[in-house]
Structure formats: C-alpha cells, structure tokens
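Reading through the structure tokens given below for one structure.
In this chain, numbering begins with 1 at the start of the sequence shown. In this text the structure is predicted, and so the values were computed from the model without any measurement.
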Amino acid sequence: MKIKISRAILINMILDLLFGIFFIYYLFTTDSSNRYRWIITIFAAYDFTDIIMSIRKIILMNKNDKN
C-alpha cells in the first residue's frame, strides 16, 4: 500500500514543525513577561495541533482513495 501525500500538505507539516520547535525553544530560553509566554504557548500549540490534523487528513484521503 502506497501512501499518497500532497506536496502542499508535506510543506505545511514541515513548516509547522519548524515553527513549533522555534516557539518552544524561544519559550524556554527567554525571560519574557507572562503575557508573552501565553501567546508563544498558544502559537506552539496551534502548530503542533495543525501537524496532527494534517496527519489525520492524509489518513482520511488515503482511506477514501482505497474505496
């Protein structure tokens, strides 16, 4: 069984991973105020959630192509 992944989804997943890692790195290395820490945490959570939703979309697309 060959899994089909569109190029746009793959690029989106890679960029989300890179930005999520950057936000987590920035969160742990800076002494920013409490308000900025919440904003950075929300951005990181969004990026990692978007990766999970992209994986779900790939699975559903391949499941529908199989039928």
Are Ile52 and Leu17 in one and the same hydrophobic cluster, where Ile, Leu, Val, Met, Phe, Trp and Tyr link if side-chain heavy atoms are under 4.5 Å apart? no
Between CZ on residue Arg37 and CD1 on residue Ile40, distance to nearest 0.5 Å: 7.5 Å
Listed partners of Asp47 passing side chain to side chain contact (heavy atoms under 4.5 Å, CB included), at least two apart: Asp16, Phe19, Phe23
Ala8 backbone acceptor or donor facing Asn12 side chain under 3.5 Å: no
Looking only at heavy atoms, which two atoms of Ala44 and Gly20 are closest? And how far apart? CB-O, 4.3 Å
Applying side chain to side chain contact (heavy atoms under 4.5 Å, CB included), name anything that partners Ile42, two or more places apart in sequence or on another chain. none
Among all residues two or more places apart in sequence or in another chain, which pass the side chain to side chain contact (heavy atoms under 4.5 Å, CB included) test with Ile11? Arg7, Leu15
Nearest 0.5 Å please: distance from the OH atom of Tyr46 over to the CD1 atom of Ile51. 11.0 Å
Is there a side-chain contact between Thr30 and Tyr36 (heavy atoms, below 4.5 Å)? no
Got Met13 and Ile55 here, is their nearest side-chain heavy-atom distance under 4.5 Å? yes
Working to the nearest 0.5 angstrom, can you tell me the gap between Ser54 OG and Met61 CE? 10.5 Å
So CG of Leu60 and CE of Met53: to nearest 0.5 Å the spacing works out to 9.0 Å
Hits for side chain to side chain contact (heavy atoms under 4.5 Å, CB included) against Ile14, two or more places apart or cross-chain, chain-then-number order -> Leu10, Leu18
